[in-house]
> 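Before we start, here is the structure in question, set down as structure tokens.
Just so it is clear, the model here is predicted, and its values are computed rather than measured. Note on naming: letters A, B, ... go to the chains in the order of the sequence lines (proteins, then strands), and numbering restarts at 1 for each one.
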2 protein chains.
Amino acid sequence: MINLAVDAVVFGYTSEDGLSVLLIQRKIPPFEGEWALPGGLVKENESLDEAVMRELKEETGVSINYLEQLYTFGEPKRDPRNRVVSVAYYGLVRPDVFHLLADTDALEAAWFNLDELPKLAFDHQNILNLARVRLKGKITYEPIGFELLDKKFPFSELEKLYQTVLDKPIDRRNFKKKIMSYDFLEETTEKQILKGAGRPGNLFKFNEKKYLDLKKKGINIDL
Amino acid sequence: MINLAVDAVVFGYTSEDGLSVLLIQRKIPPFEGEWALPGGLVKENESLDEAVMRELKEETGVSINYLEQLYTFGEPKRDPRNRVVSVAYYGLVRPDVFHLLADTDALEAAWFNLDELPKLAFDHQNILNLARVRLKGKITYEPIGFELLDKKFPFSELEKLYQTVLDKPIDRRNFKKKIMSYDFLEETTEKQILKGAGRPGNLFKFNEKKYLDLKKKGINIDL
DNA sequence: CCAAAAGTGTTGGTAGTACACCCATGA
DNA sequence: TCATGGGTGTACTACCAACACTTTTGG
């Protein structure tokens, strides 16, 4: 008898704190009290996509519908008790729009900065690592930002987002040239309201139609 | 109770017949007598990779160990009887090195040219379509050919392989320039033995070390 | 006036694309 | 001698990478 589960790697991005990941503290054995990816067993009559959204909602209160399938992990001993095969999903959201609410099998749900992670239960560190790689890959051929930034934002916010996810510095001028050539950003006349010193930047917004078009067609941001 | 299965999309390539796919004719319901991808239920104590190799061997006699995970299909109604979630794998081989031998749940095993496919059981046509897309993608960032061509082969064979998998014409000169720049091919002094008219080409061989290096590092054949 | 962040162009190199004619062979 | 397939080079373009100084603001 093989049990089928789903796990969700939900990355959060804010310009202040960079990348984080949503974890839960397990209420039940195995690994009781330890931190793990949200997830759980698939029910008889739901699809995998439905299962992962449901578990995420149940355990963390986070409700999103654009997770992507990452990989299926099926080593016989990955769960110390029973055989559990897990279909992992991943996604990237802005944490501040959710109110976390641990429930069902979770004692607590919290965002952890990627460089301050606790030890994770099961093989969840592997899953997270793979998700990290895939996320990096993904943003080089698909635009991101629309769901992660404010309606209007200074250009530097988009730049910071790419630098954070790719985890390397980017030349400001070349990046702007490239992004602008895809023509999915519109410059507004408004200016950034500053917190601290520095010249305030113009605010930009996404042209939603062109942005979604390019999500389908694909772009190429090799940096 | 959810059953867990694996399915294999094994593509075959020959320069004469192009791309084909390995199918089996089902011996048991559902879809008895129809053609389907080789695959079957995962056993309690084997990994997913082991399961897919085993099923492939059992049903078709084909023994390979370099399939890659493709995607996991889990719609509740994809199997008309029970709930079956299937982890699909894919790979590309040369058909002529295998002796097909249908066994266990298969009445017959056979290679089908991609444009002469029978109607497939379950959602296997979807799985195949996705595998086709992924295969195309894959050869643009990983060299192929070593396992598919003879030890020594005329350059046109490699060209034909790429044209077949990508399903579009390629400029011979540009392709050669690009491939040669990666430096994993060595030109020999031998010449092709002809079948029919035409100027015989020089034979090439892979530099296995450099080839495997590039498999890891990745290349970029955007054509 | 100093520190912080935004804005802005040019140049050189590299890689990609388009393109056509001659050569060696078998029939 | 014709048909078949192999072999080869150039020129144009587009993209990418590297790079530094000026402007606006807050403190």
> For B/Leu135, is there any backbone N or O sitting under 3.5 Å from a side-chain donor or acceptor partner on B/Tyr90?
no
> Which of the following nucleotides, D/dT10, D/dC19, D/dG6, is nearest to the side chain of A/Arg173?
D/dC19
> For B/Asn113, give me all partners under side chain to side chain donor-acceptor pair (under 3.5 Å), at least two apart in sequence or on another chain.
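Scan of B/Asn113 (side chain to side chain donor-acceptor pair (under 3.5 Å), adjacent residues dropped) gives none.
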> Rounded to whole Å, how long is the line connecting atom CD of A/Gln163 with atom P of C/dA5?
13 Å
> Closest nucleotide of DNA chain C for A/Asp171 versus for A/Pro200: which of these residues is on the 5' side?
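Result of the comparison: A/Pro200.
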> Counting only side-chain nitrogens and oxygens, does A/Lys177 get under 4.0 Å of the OP1 or OP2 atom of D/dC16?
no
> Closer to the 5' end of DNA chain D via nearest nucleotide, is it A/Lys178 or A/Lys191?
A/Lys178
> Send over the distance from B/Arg172 CZ to C/dA18 C1', rounded to a whole Å.
15 Å
> From CD of A/Gln192 over to P of C/dA4, roughly how many Å is that when rounded to an integer?
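These atoms are roughly 16 Å apart.
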> What about A/Asn174, does its side chain sit under 3.5 Å from the base of D/dA18 through a donor-acceptor pair?
yes
> When you look at A/Asp105 and A/Arg26, which way does the side chain to side chain contact (heavy atoms under 4.5 Å, CB included) test go after all the steps?
CA-CA 6 Å; A/Asp105 306 338; A/Arg26 291 176 58 84; over 6 Å; no
> Whole-Å distance between C/dA24 P and B/Phe155 CZ?
20 Å
> Tell me the closest heavy-atom pair linking A/Leu19 and A/Thr164, and the distance in Å.
N-CG2, 3.8 Å
> Without decimals, in angstroms, what is the distance between B/Met180 CE and D/dG9 P?
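After rounding, the reported distance stands at 13 Å.
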> Please round to the nearest 0.5 Å and tell me the distance separating atom CD of B/Glu75 and atom CZ of B/Phe122.
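The CD atom of B/Glu75 sits 15.5 Å away from the CZ atom of B/Phe122.
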> Checking contacts here: which listed nucleotide (D/dA3, C/dT8, C/dA24) is nearest the side-chain heavy atoms of B/Ala197?
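Output: D/dA3.
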> Measure the distance from CD1 on B/Ile179 to C1' on D/dG7 and round it to the nearest whole Å.
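Interatomic distance, CD1 of B/Ile179 to C1' of D/dG7: 17 Å.
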> Rounding to a whole Å, what distance do you find between A/Phe175:CZ and C/dA6:C1'?
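Roughly 15 Å, once rounded to whole Å.
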> To the nearest angstrom, how far is B/Leu203 atom CG from D/dG6 atom C1'?
12 Å
> OP1 or OP2 of C/dT8 sitting under 4.0 Å from any side-chain N/O of A/Lys176?
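For C/dT8, OP1 or OP2 has a side-chain N or O of A/Lys176 closer than 4.0 Å.
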> Is there a side-chain polar atom (N or O) of A/Ser156 under 4.0 Å from OP1 or OP2 of C/dA5?
no
> So which nucleotide from C/dC19, D/dA17, C/dA6 ends up closest to the side chain of A/Arg199?
C/dA6
